[in-house]
Amino acid sequence: LDRRTKGRVARGSVEIEGKLDLHGHRLEEAKHRLLDFLKRAQDREKALVLVITGKGTVAAKGMERGVLKREVPLWLGSAEFRPLVIGFEEAAARHGGSGALYVRVRRSRG
């Protein structure tokens, strides 16, 4: 998202047309749900959706536990998701900040 559009979304001037909360899901299940959600959003001609990954926490000995926060952006940038996703950006604080992503959904090609 460009800076201007992100600002309009953060202020509520641009509507978020769908939301998926992946809290508490294991990686495989989360990936499947995300793929299905984005396919449905594309079929319904949604342009902008919010994907909530959670911020994660730091476990004992400094090990990161925010697996979804780390993996979801990798999935969204992968070849598997390319037909569905134009781009994505960390959400504004009011929509979850670093624990959520705005995702631009690609229009269907037929």
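Excluded from the calculations below are hydrogen atoms, water molecules and symmetry mates; all remaining heavy atoms, backbone and side chain alike, are included.
- Atom CG of L20 sits about 7.0 Å away from atom NE2 of H25, to the nearest 0.5 Å.
- A distance of 10.5 Å separates CH2 in W75 from CZ in R70, rounded to the nearest 0.5 Å.
- Residues that satisfy the side chain to side chain donor-acceptor pair (under 3.5 Å) test with E17, not counting sequence neighbours, are absent from this structure.
- S108 and Q42 make their closest contact through N-CG, 3.8 Å (heavy atoms, listed as atom of the first residue, atom of the second, distance).
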Residues 90-100, side-chain donor-acceptor partners within the protein, below 3.5 Å, at least two apart:
| from | atom 1 | to | atom 2 | distance (Å) |
| --- | --- | --- | --- | --- |
| R94 | NE | A10 | O | 3.4 |
| R94 | NH1 | A10 | O | 2.7 |
| R94 | NH1 | R11 | O | 3.3 |
| H95 | ND1 | Y102 | OH | 2.6 |

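- Under the rule for a salt bridge (charged side-chain N to carboxylate O under 4.0 Å, His left out), the partners of E80 that lie at least two apart in sequence or sit in another chain are K31.
- Of the inter-residue distances, the one linking L22 atom CG with L68 atom CG reads 6.0 Å to the nearest 0.5 angstrom.
- R82 pairs by the side chain to side chain contact (heavy atoms under 4.5 Å, CB included) definition with A79, R106, not counting sequence neighbours.
- Distance check, rounded to the nearest 0.5 Å: CD1 of I52 to CG of D21 gives 4.5 Å.
- Atom CG of L76 is separated from atom CD1 of I86 by 12.5 Å, given to the nearest 0.5 angstrom.
- With sequence neighbours left out, the salt bridge (charged side-chain N to carboxylate O under 4.0 Å, His left out) criterion links E89 to K6.
- P73 is linked by a side chain to side chain contact (heavy atoms under 4.5 Å, CB included) to F88, L101, counting only residues two or more places apart in sequence or in another chain.
- Considering every non-hydrogen atom in both K69 and T53, the closest pair reads CA-OG1, 3.7 Å.
- Under the side chain to side chain contact (heavy atoms under 4.5 Å, CB included) criterion, A41 pairs with K46, V49, V105, sequence neighbours left out.
- Side chains of K39 and L35 form a contact here, defined as non-hydrogen atoms less than 4.5 Å apart.
- Applying the side chain to side chain contact (heavy atoms under 4.5 Å, CB included) test to R3 and every residue at least two apart in sequence or in another chain returns nothing.
- Residues forming a salt bridge (charged side-chain N to carboxylate O under 4.0 Å, His left out) with D36 (at least two apart in sequence, or on another chain): R40.
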